[in-house]
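The sequence lines fix the lettering, A, B, ..., with proteins before strands; numbering per chain opens at 1.
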4 protein chains.
Amino acid sequence: MQPKRGGLTFTEAARRKQIVAAAIEVIAELGYVRASFAQIAKRAGLSSPGLISYHFANKDELIGQVVAEVYATGGALIRPRADNVATAADALRSFVEGSIAFYDTHRSYMRALMQILNGHPEARERWFDAPNTSELAGIEEVLARGQRDGEFREFPTHTVAVIIRDLLSGALLRLLVTPDLDMAAYTREMAELCHFAVAKP
Amino acid sequence: MQPKRGGLTFTEAARRKQIVAAAIEVIAELGYVRASFAQIAKRAGLSSPGLISYHFANKDELIGQVVAEVYATGGALIRPRADNVATAADALRSFVEGSIAFYDTHRSYMRALMQILNGHPEARERWFDAPNTSELAGIEEVLARGQRDGEFREFPTHTVAVIIRDLLSGALLRLLVTPDLDMAAYTREMAELCHFAVAKP
Amino acid sequence: MQPKRGGLTFTEAARRKQIVAAAIEVIAELGYVRASFAQIAKRAGLSSPGLISYHFANKDELIGQVVAEVYATGGALIRPRADNVATAADALRSFVEGSIAFYDTHRSYMRALMQILNGHPEARERWFDAPNTSELAGIEEVLARGQRDGEFREFPTHTVAVIIRDLLSGALLRLLVTPDLDMAAYTREMAELCHFAVAKP
Amino acid sequence: MQPKRGGLTFTEAARRKQIVAAAIEVIAELGYVRASFAQIAKRAGLSSPGLISYHFANKDELIGQVVAEVYATGGALIRPRADNVATAADALRSFVEGSIAFYDTHRSYMRALMQILNGHPEARERWFDAPNTSELAGIEEVLARGQRDGEFREFPTHTVAVIIRDLLSGALLRLLVTPDLDMAAYTREMAELCHFAVAKP
DNA sequence: CATGAATGAGCGTTCATTCAT
DNA sequence: CATGAATGAACGCTCATTCAT
């Protein structure tokens with residue numbers, strides 16, 4: 001009898017992690033369309049694509065795990081940064097800088113995420129809407145706090161939260177398209193921009 | 001012998017336009033992956049997918065024509081707006097508002113473009129890098145003019161041009177994902193943001 | 001422009017017939033389960049299983065055509081025999097003898113039919129219930145006519161029609177299981193049995 | 001060392017029975033094609049399809065055990081009924097009624113049997129021919145006795161035995177296809193029919 | 001005895017592309 | 001110029017079976 005983790009054997013859990021990692025790499029490099037079970041299995045060193053079907057109910061389950069892994073990793077890195085700060089302005093700056101830093105250090109993760117979002121016909125509703133909404137709510141909360149504390153000027157918090165979220169989307173796209181970008185300069189200017197956008201004049 | 005346009009007969013040119021238009025629609029609606037020759041042919045009212053192969057060397061040539069068509073249409077609508085203004089600040093605002101307006105009125109064009117950028121393995125190098133570089137140069141030129149004329153504060157024109165370009169990318173993504181967005185408000189805030197980002201305090 | 005038959009080209013119609021014929025043979029010989037597109041294509045001399053998908057929307061459409069072909073052939077051979085007789089007793093005998101004769105001369109057709117009925121999860125509702133109901137109605141009509149004309153004794157026509165239909169099912173099973181059966185004797189006895197079952201004592 | 005039954009330990013024998021029972025249920029419900037080891041294992045509450053391979057040499061051995069189980073159960077219920085009667089006519093009626101009653105009370109058994117007969121490529125020769133021949137001999141014996149005792153009219157006993165056997169096949173098919181059949185009426189008519197078929201006028 | 005991980009062949013289907021007519 | 005038939009590779013997935021533990 002092997003010990004288990006939430007109904008999964010040790011080896012089962014390890015295999016799943018291994019396959020998810022290989023899937024991320026392959027999707028990031030070849031794109032979602034070309035990320036077939038055959039390619040993923042080859043990357044993971046598996047003998048047969050059928051082994052992936054053995055460990056995941058179907059392709060959607062695997063892709064869902066990929067998305068979950070990316071969001072879990074990102075959340076674990078970005079959220080704490082924003083929690084350990086005093087003012088709302090610092091929280092906002094922390095969130096923006098943390099997000100861009102995460103995008104920078106996890107480019108293949110983010111490339112895979114974008115590929116899935118654009119390649120899978122129901123990706124948004126299935127895996128993205130919920131975390132995006134919650135992320136948006138987090139930004140809006142910080143903005144509202146800043147207004148309550150008198151740090152920020154008056155503006156419709158929801159609309160500005162959306163715009164800040166979109167700034168980061170644009171930054172991510174840039175990062176993926178221009179790999180040799182001067183990250184320090186880019187991050188600094190972007191943080192400044194966000195600051196100007198919300199701070200009291 | 002029919003009269004020709006650049007080596008193409010009238011009917012040939014018409015057929016190509018028709019196929020490109022159908023391809024844009026299908027890619028925008030079904031995504032790049034599902035935009036098979038069969039689907040495009042059906043949409044264009046053609047009798048056979050083979051006819052597309054007859055008129056285009058291969059799928060890449062067709063996709064390249066789609067990209068070219070989108071950029072040509074966008075350039076024709078956005079550039080004149082920015083040319084007929086006096087100050088650099090007005091040019092910048094005109095460019096930002098014009099871009100978002102174009103995204104808004106040509107959603108299927110832009111959706112197709114994004115699908116191709118994300119779905120085709122070599123889309124960026126082949127079709128996107130050149131027009132993007134030239135667009136970036138245009139923005140940078142306006143920014144430099146603004147600094148020369150004393151309208152804008154000092155900043156590294158290239159980095160800020162990149163950021164402004166990315167703001168628009170983020171806006172485009174938002175537009176495609178949130179179709180019922182309040183465009184007027186969003187555009188206004190975005191333009192303001194760009195203004196704050198570059199204007200002398 | 002090729003001439004057409006109901007929207008189908010000559011060659012298209014010919015190919016479909018050829019594939020249906022090959023499917024009947026393969027299903028009869030290997031059983032429904034092993035009757036893969038690969039086997040059918042090999043039997044039909046096609047270069048690729050994909051060609052079957054080219055001519056039929058999916059496997060169900062092909063199987064449906066097989067069933068239709070068998071029923072059409074059977075109906076064309078059995079019905080006229082029963083129409084050209086005077087009395088209900090003769091019609092019944094004609095139907096029974098005709099059915100068994102058809103089963104005998106079209107064993108692979110009937111074996112394929114039985115394989116589909118047993119192998120396809122929704123075969124009965126999709127393709128068999130309707131023709132079976134209509135066949136049953138035909139038998140019942142003959143029985144009712146026999147009673148009206150005073151040839152047959154009184155009995156519940158529906159129940160007896162069902163039993164006669166089941167007699168033929170049993171005969172078909174026998175035929176498929178015992179290929180070297182003495183058909184003449186078997187048919188004679190079966191016809192006698194049906195006669196005894198309904199005739200006035 | 002555990003005590004054995006024919007080379008099998010107690011647990012071994014119990015496991016085999018359990019697996020055979022699950023196989024019957026699954027084959028009856030899903031059909032032979034979909035009755036995979038995975039489904040049977042799930043139904044039997046086993047942890048792995050591999051366990052079935054462990055207890056049975058291969059799928060054929062399991063299927064053979066299923067057939068044997070059904071025939072054993074049926075023989076144990078039908079034969080005694082026919083043994084405890086005086087006349088051949090009563091024996092025949094008893095056999096017919098007993099068979100239909102068994103079919104009726106063991107529908108999943110019979111459905112599984114039919115699925116195997118139609119789904120397995122060599123089912124008939126391997127598992128069905130022998131018991132069928134012996135059953136046929138039993139019917140023929142009753143018919144011959146009836147003729148010797150002057151109960152039955154003259155007829156070729158073998159052919160009529162075959163036909164009576166086929167009547168039951170037809171009844172079984174009907175039963176499986178029309179679950180809400182009026183069994184009492186159907187059985188009565190069928191028994192009458194058999195009586196008319198053999199009795200002296 | 002039992003388990004779960006692994007294997008590799010085969011399934012139906014889609015696809016861009018070719019080619020004779 | 002246009003057509004429709006054909007091709008063969010690749011896709012996600014299921015299956016009976018094997019085997020180390």
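Neither OP1 nor OP2 of F:dG4 sits under 4.0 Å from any side-chain N or O of C:Arg15. Side-chain nitrogen and oxygen atoms of A:Ser36 include at least one within less than 4.0 Å of the OP1 or OP2 phosphate oxygen of F:dC11. OP1 or OP2 of E:dG4 sits under 4.0 Å from a side-chain N or O of D:Ser47. For A:Thr11, no side-chain nitrogen or oxygen approaches OP1 or OP2 of E:dG4 to under 4.0 Å.
Heavy atoms only, all atoms of each residue included: A:Ala28 and A:Ser108 are closest at CB-O, 3.4 Å. Annotation for A:Ala44 and A:Gln18: closest pair O-NE2, 2.8 Å, computed over non-hydrogen atoms. Smallest separation of non-hydrogen atoms from A:Gly119 and B:Arg34: O-NH2, 3.7 Å.
Atoms CZ and CG, from A:Arg124 and A:Asn118 in turn, are 11.0 Å apart once rounded to the nearest 0.5 Å. For the atom pair C:Ile52 CD1 and C:Asn58 CG, the distance stands at 12.5 Å (nearest 0.5 Å). The CD1 atom of D:Ile24 sits 10.5 Å away from atom CD of D:Gln65, with the distance rounded to the nearest 0.5 Å. In this structure, CD1 in C:Ile19 is found 5.0 Å from CZ in C:Phe56, a value given to the nearest 0.5 Å. Expressed to the nearest 0.5 Å, how far CZ of B:Phe128 lies from CG of B:Leu113 amounts to 4.0 Å.
Listed by first and then second residue, the side-chain hydrogen bond (donor to acceptor under 3.5 Å, both in side chains) pairs that reach into residues 39-50 of chain C are C:Glu25-C:Arg43, C:Glu29-C:Arg43, sequence neighbours excluded. Contacts classified as salt bridge (charged side-chain N to carboxylate O under 4.0 Å, His left out) and involving residues 51-73 of chain C (residues at least two apart or in different chains) are given here: C:Arg16-C:Glu61, C:Asp60-C:Arg126.
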Go ahead and write out DNA chain E as dot-bracket, 5' to 3': ( ) for pairs within the strand, [ ] for ones crossing earlier pairs, | when the partner sits on another strand, dots for unpaired; Watson-Crick or G-U wobble, both distances under 3.5 Å. .||||||||||||||||||||
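Between C:His120 atom NE2 and E:dG12 atom P there is a gap of 12 Å when expressed in whole angstrom units. As a whole-Å value, the separation of A:Ile52 CD1 from E:dA6 P is 12 Å. Here F:dA6 presents its C1' atom at 16 Å from CZ of C:Arg16, a figure rounded to the nearest Å. Look at CD1 on D:Ile40: it is 8 Å from P on F:dA16, rounded to the nearest Å.
Nucleic acid contact for C:Ser48: base, since at least one base atom lies under 4.0 Å from a heavy atom of the residue. Note on A:Phe37: only backbone sugar-phosphate atoms sit closer than 4.0 angstrom, heavy atoms only; bases stay farther off.
Of the residues in residues 17-33 of chain B, not one comes within less than 4.0 Å of DNA chain E through any heavy atom. If you check residues 53-60 of chain D against DNA chain E, the residues with a heavy atom closer than 4.0 Å are D:Tyr54, D:His55, listed by number.
Side-chain contact between A:Tyr32 and A:Ile63: present, with at least one pair of heavy atoms (C-beta onward) separated by less than 4.5 Å. Looking at D:Phe37 and D:Leu46, their side chains never come closer than 4.5 Å, going by heavy atoms from C-beta outward. Residues D:Leu62 and D:Ile40 meet the side-chain proximity criterion, which asks for heavy atoms closer than 4.5 Å. Taking 4.5 Å as the limit, every side-chain heavy atom of B:Tyr54 sits out of range of all side-chain heavy atoms of B:Arg15.
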N/O to N/O distances under 3.5 Å, protein versus nucleotides 19-21 of chain F:
none

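Of the residues near DNA chain F, D:Arg34 and D:Leu51, the one whose nearest nucleotide (by heavy atom distance) lies more toward the 5' end is D:Arg34. Position along DNA chain F of the nearest nucleotide to D:Ala38 versus C:Glu12 favours C:Glu12 as the more 5'-ward residue.
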